[in-house]
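First up is the structure itself, then whatever we jot down about it.
Convention: sequence-line order gives letters A, B, ...; per-chain numbering from 1. Given the structure is predicted, the values throughout are model-derived calculations rather than measurements.
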Amino acid sequence: MPTNSIQAITANRLSDGMVVYLTAQGQWSERIRDCQSADDPGMAEALIAQARQHAESGQIVGPYLFKIARQDGHPVPLGRREIIRTTGPSVGTDLNRSKPRE
Amino acid sequence: MPLIKHGKLVEDTWHDTDDFADVQALAALGPVIVNLAVWRQHRDAILALGGTLGLRLAPGQTPDIVAADLHRFSLIALEFARFTDGRAYSQARLLRQRHGFKGELRAVGEVLRDQLTFMLRCGFDSFSVDTKRQAESILDAVAEFAHWYQPALDGAATIPALRRRAVDRGEAAAPAGCAANWAY
Amino acid sequence: MYRYDEFDHAFVTERVAQFRAQVARRVSGELSEDEFKPLRLMNGLYLQLHAYMLRVAIPYGTLSALQLRKLAHIARSYDRGYGHFTTRQNIQYNWPKLGEVPDILAELGEVEMHAIQTSGNCIRNTTADPLAGVAADEIDDPRVYAEIIRQWSTLHPEFSFLPRKFKIAVTGAPNDRAVTRGHDIGLRMHRDDTGTPGFEVMVGGGQGRTPIMAKTIRSFLPVDHLLSYLEAILRVYNQLGRRDNIYKARIKILVQGVGVEAFAEMVEAEWRHIRDGALDLPAAERDRIAAYFAPPPYEDLSADCPALDGAIDADARFAAWVESNVHPHKRAGYAIATISLKPHGGIPGDASAAQMDAVADLSEEYGFGEIRISYKQNLILPDIPKADLHALWLALDSWGLATANAGRISDIIACPGLDYCNLANARSIPIAQRISERFADLARERAVGDLSLNISGCINACAHHHVANIGILGVDKKGTEFYQITLGGVADENAAVGAIIGPAFDEMQIADAVETIVDVYLQQRETDEPFIDTYQRIGPGPFKEKLYAPDQAR
Ligand code: HEM
Ligand code: SF4
């Protein structure tokens with residue numbers, strides 16, 4: 001992995017499976033803009049270690065690093081899979097995650 | 001390691017080891033469980049010791065290959081290398097049903113609470129459980145289901161058998177036929 | 001249809017309580033995710049891209065109106081107002097919360113349903129011909145045996161931790177609507193010379209990355225021996241199936257490895273030990289279960305129906321729907337109606353809670369309150385008097401459920417793909433939408449005739465693309481979605497695996513490529529020749545030539 005790629009950590013929340021991102025405060029947020037980014041491999045290591053502890057203690061499931069870019073100062077995911085994870089299914093948008101549950 | 005036998009937490013009197021200097025040293029250990037390789041290599045020497053014997057079979061070691069010697073063992077331990085590796089369930093049933101093994105059938109390895117009833121129903125009667133788990137909580141698992149569908153080795157009446165009894169007593173309701181008869 | 005007795009009810013209730021406790025132990029940290037995962041999978045609960053996904057079994061694809069209303073209620077109260085019917089007679093909910101899943105399962109238990117063994121390395125929900133009991137070509141009702149298998153396989157003590165998933169399908173008709181050869185075990189009911197009912201037993205079918213059609217290991221197994229024979233197959237597989245490599249763990253690899261004759265011999269040897277034992281089906285138990293599947297109280301109707309003929313003459317859209325979506329019933333004066341869950345441009349297999357409720361109501365108004373789920377991800381109303389078809393169609397139309405495309409090119413089987421699935425390489429739903437929109441013109445779709453097109457989002461082949469006339473497989477090439485086409489797959493009694501036609505197409509080209517294939521077919525076909533016959537006659541050459549012609553923008 002090139003050292004210049006920025007990464008962040010995502011996982012699914014144990015209680016409802018929602019996509020979450022690790023924040024600078026060591027919390028988990030549903031909004032990618034809250035994520036803590038890691039600009040170098042050392043930082044990435046530290047973040048994933050922290051996330052694995054949270055997985056161990058049962059807040060979240062399956063944490064992993066993924067690549068992001070910064071656009072206008074905001075983190076945006078790279079790769080189709082991670083884009084779909086942040087935005088929800090690309091189909092049936094009337095049924096999308098942004099819509100509150102009936 | 002804590003041992004559960006016949007539904008109780010008991011002292012383990014067996015010595016289960018692959019790690020011994022020579023066969024003669026086994027004599028000092030008391031009742032001892034050896035693995036299949038050791039048994040095959042030192043069979044006669046071990047028999048000459050005259051002690052109480054157990055055999056440990058790894059997943060994939062079918063009981064058929066030691067069928068002729070099974071009567072020499074008071075205990076057979078079957079290994080769950082991972083709890084998701086289900087080969088020992090078949091080994092257990094074959095031992096009990098095909099080979100008529102009557103001794104202690106022990107589950108060792110990754111023996112977890114949520115697999116306990118499956119093991120019991122396949123003929124295991126003792127369970128070597130991880131120290132960090134509460135042996136008591138494991139025992140609760142046994143009470144989770146009253147009846148099962150398949151005939152197995154727990155001796156319990158199956159659901160089809162209970163149904164037949166109900167029919168014999170004239171208690172069974174007549175089947176309702178099509179969906180239109182669903183009344184709630 | 002089958003009804004739970006006190007034992008079935010108690011069992012499902014105990015299962016819910018057990019899972020509730022397991023969830024609590026997971027949440028408290030007593031169970032790790034590694035320990036919990038096999039437990040939740042055996043209760044149908046996955047963790048997908050965006051959320052948990054709960055897969056509920058619809059055993060042998062039969063539902064009562066009450067059960068369908070419950071599925072609608074669950075969609076509304078615990079999910080986001082819709083559900084996805086799958087090709088294996090399950091329904092999937094995409095947004096349940098972990099803590100609420102035990103409540104959902106308890107609600108399902110109230111209507112005699114469950115999610116037991118809809119996932120995991122165990123014997124999965126046994127599927128059957130969706131037209132069981134009503135099809136004109138049926139020899140015997142497979143649901144009786146599917147129910148017997150359901151009970152036997154439920155929390156089987158020996159076979160709950162198999163090397164890999166295990167799927168069984170049963171058909172009672174010569175026309176195979178359950179893709180029996182695509183399963184780990186396929187059972188085809190027939191009768192021997194003396195009229196004794198039995199099964200042809202086929203083993204080792206499966207799709208995924210190694211599509212193989214099951215081989216017959218016994219041409220006739222009398223029905224009483226069904227369970228002991230299945231137990232023998234499973235015991236051989238449990239002991240010898242590979243556990244070191246997940247991609248080689250299915251029974252098909254074992255059968256292929258040892259050879260079908262040697263495998264059959266192992267099964268027969270094991271069976272000799274256990275046959276005529278506790279697993280034999282007493283005739284009384286079989287009859288007891290068979291009685292549940294007794295035919296509904298049909299009326300004596302005339303086979304001719306002037307009212308239907310009149311409506312067909314008067315309304316071309318209705319006539320087209322009857323042509324594609326209505327099938328012959330074994331009873332005079334009745335018909336079988338397919339409710340397409342494939343509106344052009346829609347999401348294949350999805351139904352909203354309101355649509356489910358509507359179908360439940362219609363099944364009671366015009367039928368006997370029974371609904372079937374098909375391999376094609378559609379709903380079926382099995383017992384509609386011919387005279388009521390037009391009224392039914394009008395009602396369905398008002399719910400967007402009257403698309404006249406059953407068996408046609410836009411009746412696409414599609415998996416959730418990258419829009420929902422954790423394992424996906426590419427999206428499948430948008431491709432299905434785009435292709436079905438291309439064929440939205442009724443006259444054009446009718447001209448093309450019967451043609452199956454299936455789309456899987458990765459090589460796991462959940463949408464059975466290998467056995468589609470036109471199969472589409474989503475692949476990932478350096479971060480871009482590409483779609484590989486196979487031609488010539490067949491899912492019926494002549495099941496066959498399709499062959500890759502050439503290099504993959506991208507998202508923008510794939511619908512054009514499908515149109516090119518259809519154009520070649522239309523040019524080359526002889527009168528009334530279905531696509532698959534033309535393909536088998538002329539081979540891949542003409543298709544390849546046109547698809548990869550230099551002037552084709554690729
Ligand atoms: C969305 C979550 C899903 C996951 C994670 C999933 C996973 C898998 C995997 C890993 C396989 C390959 C098995 C193998 O090769 O051994 C498979 C096969 C299959 N799945 Fe799924 N699947 C999903 C959804 C579905 C859906 C929605 C359907 C029905 C439309 C379905 C029906 C099937 C079928 C029919 C097969 C082929 C059977 C076979 O391999 O013999 N799956 N699935
Ligand atoms: S085929 Fe692949 S993408 Fe589609 S549902 Fe199955 S695993 Fe997911």
Side-chain angles (χ1 to χ4, degrees), chain B residues 59-60 62 80-94 97-98 110 112-115 117-123 133-134 137 140-141 143-154 158-164 166-167 172-182 184, chain C residues 1-3 5 7-8 10-11 14-15 17-18 21-22 30-31 35 38-39 62-67 111 121 151-163 227 235 238-239 243 273-274 277-279 282 284-285 288-289 291-297 363-364 367-371 383:
Chain B
T62 169
F80 286 85
R82 291 276 291 115
F83 75 96
T84 47
D85 184 337
R87 284 177 283 186
Y89 296 108
S90 289
Q91 290 167 297
R93 289 191 76 177
L94 288 173
Q97 286 177 296
R98 181 110 354 124
E110 219 171 47
L112 306 182
R113 179 193 193 278
D114 295 286
Q115 284 73 49
T117 45
F118 294 133
M119 293 178 189
L120 274 169
R121 283 171 49 69
C122 285
R133 292 184 190 281
Q134 294 297 322
S137 124
D140 296 345
E144 284 175 340
F145 289 88
H147 303 294
W148 303 84
Y149 288 103
Q150 319 77 2
L153 281 135
D154 50 2
T158 61
I159 291 173
L162 293 166
R163 282 179 178 143
R164 253 167 304 186
V167 171
C178 74
N181 298 336
W182 275 61
Y184 274 83
Chain C
M1 53 188 283
Y2 187 70
R3 297 297 315 269
D5 64 8
F7 299 107
D8 300 305
F11 192 89
E14 287 160 350
R15 180 65 167 171
Q18 181 193 43
Q22 286 167 348
E30 191 184 330
L31 285 176
E35 289 163 354
L39 304 178
T62 298
L63 281 175
S64 70
L66 188 96
Q67 290 174 322
V111 296
N121 295 332
Q151 297 190 17
W152 161 79
S153 63
T154 297
L155 303 198
H156 195 291
E158 188 177 343
F159 307 132
S160 289
F161 294 92
L162 296 168
L227 295 184
R235 183 168 286 163
N238 190 41
Q239 293 181 277
R243 291 173 186 267
H273 285 291
I274 59 176
L279 278 170
E285 174 68 1
R288 189 189 74 84
I289 291 182
Y292 285 109
F293 297 96
S363 78
E364 286 176 336
F368 297 98
E370 193 173 313
I371 303 97
D383 302 297

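- If you measure heavy-atom distances from Leu155(C) to chain B, the contacts under 4.5 Å come from both the backbone and the side chain.
- A search for ring-ring contact (aromatic ring centres under 6.0 Å, His included) contacts involving Phe80(B) returns Tyr89(B), Phe124(B), not counting sequence neighbours.
- Contact of Leu153(B) with chain C is not made at all, since no heavy-atom distance falls under 4.5 Å.
- Note that OH of Tyr2(C) is 3.5 Å distant from CG of Asp8(C), once rounded to the nearest 0.5 Å.
- Going from atom OH of Tyr149(B) over to atom OG1 of Thr158(B) covers 11.0 Å, rounded to the nearest 0.5 Å.
- The contact between Gln151(C) and chain B is made by backbone and side chain atoms together, counting heavy-atom distances below 4.5 Å.
- Here the straight-line distance linking atom CZ of Arg98(B) with atom CD1 of Ile274(C) works out to 7.0 Å at 0.5 Å rounding.
- In this structure, chain B has a heavy atom under 4.5 Å from the side chain of Ser160(C), while its backbone stays farther away.
- Distance check: Gln150(B) CD to Phe159(C) CZ gives 9.5 Å after rounding to the nearest 0.5 Å.
- Here the CD atom belonging to Glu364(C) is positioned 8.0 Å from the CG atom belonging to Leu66(C), to the nearest 0.5 angstrom.
- Both the backbone and the side chain of Ala146(B) come within contact range of chain C, judged by heavy atoms closer than 4.5 Å.
- Looking only at heavy-atom pairs under 4.5 Å with chain C, the residue among Cys122(B), Ala88(B), Pro59(B) that has the most is Cys122(B).
- The candidate from Thr117(B), Leu120(B), Thr84(B), Asp114(B) with the greatest count of non-hydrogen atom pairs under 4.5 Å with chain C is Asp114(B).
- Of the two parts of Asp383(C), neither the backbone nor the side chain holds a non-hydrogen atom closer than 4.5 Å to a non-hydrogen atom of chain B.
- Neither the backbone nor the side chain of Arg82(B) comes within less than 4.5 Å of any heavy atom in chain C.
- If you measure heavy-atom distances from Pro282(C) to chain B, the contacts under 4.5 Å come from the side chain alone.
- Ranked by non-hydrogen atom pairs under 4.5 Å with chain B, the options Thr154(C), Asn121(C), Ile371(C) are led by Thr154(C).
- In this structure, the portion of Gln97(B) lying under 4.5 Å from any heavy atom of chain C is its side chain and not its backbone.
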- Item | Ser90(B) and Glu158(C): CA distance, side-chain angles, deciding distance, side-chain hydrogen bond (donor to acceptor under 3.5 Å, both in side chains) verdict | CA-CA 6 Å; Ser90(B) 289; Glu158(C) 188 177 343; 2.6 Å; yes

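- Contacts between Ser153(C) and chain B at a heavy-atom distance below 4.5 Å involve the backbone alone (N, CA, C, O).
- Neither the backbone nor the side chain of Ala17(C) comes within contact range of chain B, judged by heavy atoms closer than 4.5 Å.
- Below 30°, between 30° and 60°, or above 60°: for Trp152(C) and His156(C) the angle between ring planes is above 60°, a perpendicular geometry.
- When the candidates Glu110(B), Arg121(B), Gln91(B) are compared by the number of heavy-atom contacts under 4.5 Å with chain C, Arg121(B) comes out ahead.
- Residue contact with chain C, scored on non-hydrogen atoms closer than 4.5 Å, involves the backbone and the side chain of Glu144(B) alike.
- The distance from the CD atom of Gln18(C) to the CG atom of Leu39(C) is 8.0 Å, given to the nearest 0.5 Å.
- Judged by distance alone, with hydrogens and angles left aside, the side-chain atoms of Asn238(C) form a donor-acceptor pair with the main-chain N or O of Gly86(B) at under 3.5 Å.
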- Pair Met1(C)-Ser64(C), side-chain contact (heavy atoms from CB on, under 4.5 Å): steps then yes or no: CA-CA 8 Å; Met1(C) 53 188 283; Ser64(C) 70; 3.8 Å; yes

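- Looking at Arg164(B), only its side chain comes within 4.5 Å of chain C, counting heavy atoms on both sides.
- Residue Gln22(C) touches chain B through its side chain alone, counting heavy-atom pairs closer than 4.5 Å.
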